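Shown next, in structure tokens, is the structure this report addresses.
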Amino acid sequence: MNMDSVLYQLMDIRTNGILDKIIEMDKDYQEINRKSDIYSKQLDDMNLTKEIRALIDGYVSEQNALGARYGALAYLLGFSDCVELMTKPFHLKTVQKTTN
């Protein structure tokens, strides 16, 4: 998908401004963050070598990037579905007829 598209621009505005305020209030997000802090402290207490810490950090960073990208794509898909529903309401009738 084109990074300059309206969907990407809207996602950027929503996720880099409004979302920050929402996650501050979200109990599930805060609980996940709290658990993450516990694991981080446990890793710190293990006194791992720089090499092992770098490996763990790289792995965790890539997993985080993967989850973030999945979330961004899911957001874009959901938003584009909404746009399609609003602009092509009769599309669903066609889909229903072909699946029945």
Side-chain angles (χ1 to χ4, degrees):
M1 188 174 283
N2 182 355
M3 299 290 256
D4 293 326
S5 73
V6 173
L7 283 177
Y8 265 95
Q9 291 176 26
L10 181 61
M11 181 180 68
D12 184 55
I13 291 167
R14 302 288 290 171
T15 58
N16 291 324
I18 298 168
L19 183 60
D20 292 340
K21 294 174 186 167
I22 292 170
I23 63 174
E24 287 176 12
M25 307 297 269
D26 186 81
K27 291 178 183 176
D28 290 339
Y29 181 90
Q30 295 303 322
E31 178 63 16
I32 292 166
N33 194 39
R34 185 190 67 75
K35 287 179 182 177
S36 178
D37 287 345
I38 291 169
Y39 286 117
S40 178
K41 182 171 179 353
Q42 288 175 344
L43 281 170
D44 286 343
D45 291 345
M46 294 176 80
N47 296 318
L48 301 171
T49 65
K50 284 184 180 181
E51 293 81 15
I52 293 173
R53 289 191 65 81
L55 179 63
I56 292 169
D57 184 58
Y59 173 72
V60 170
S61 294
E62 289 303 315
Q63 288 297 306
N64 188 38
L66 187 62
R69 185 64 184 157
Y70 182 91
L73 292 172
Y75 176 89
L76 290 171
L77 177 62
F79 196 83
S80 66
D81 286 347
C82 289
V83 169
E84 187 170 339
L85 281 172
M86 290 187 288
T87 59
K88 301 176 188 175
F90 298 106
H91 174 72
L92 287 179
K93 290 180 182 176
T94 306
V95 172
Q96 289 174 346
K97 287 179 184 177
T98 59
T99 59
N100 290 337

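None of the values given here were measured: they were computed from a predicted structure.
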What pairs with [X] under side-chain contact (heavy atoms from CB on, under 4.5 Å), at least two apart in sequence or on another chain?
{"X": "D37", "value": "N33"}
{"X": "I56", "value": "L43, L48, I52, V60"}
{"X": "E31", "value": "R34, K35"}
{"X": "L66", "value": "Q63"}

Answer yes or no: is there a side-chain heavy-atom contact under 4.5 Å between E51 and L55?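 With C-beta onward as the side chain, the pair stays apart.
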
Would you please name every residue forming a side-chain hydrogen bond (donor to acceptor under 3.5 Å, both in side chains) with D45, sequence neighbours left out?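 Applying side-chain hydrogen bond (donor to acceptor under 3.5 Å, both in side chains) to D45 gives K41.
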
Anything under 3.5 Å between a donor and an acceptor, one on a side chain of residues 20-29, the other on a protein residue two or more places apart or in another chain? List them.
unit_1 : atom_1 : unit_2 : atom_2 : d
D26    : OD2    : D28    : N      : 3.2
D26    : OD2    : Y29    : N      : 2.7

Is the OH atom of Y75 crowded by more than 12 outside heavy atoms at less than 6.0 Å?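 Count over threshold, so yes.
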
Counting distance only, does the side-chain N/O of S80 pair as donor-acceptor with the main-chain N or O of L76 below 3.5 Å?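 Checking the backbone N and O of L76 against the side chain of S80, a donor-acceptor pair under 3.5 Å is found.
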
According to salt bridge (charged side-chain N to carboxylate O under 4.0 Å, His left out), does anything in residues 52-65 pair up with another residue at least two apart or in another chain? List the pairs.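 Non-adjacent pairs meeting salt bridge (charged side-chain N to carboxylate O under 4.0 Å, His left out): D44-R53.
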
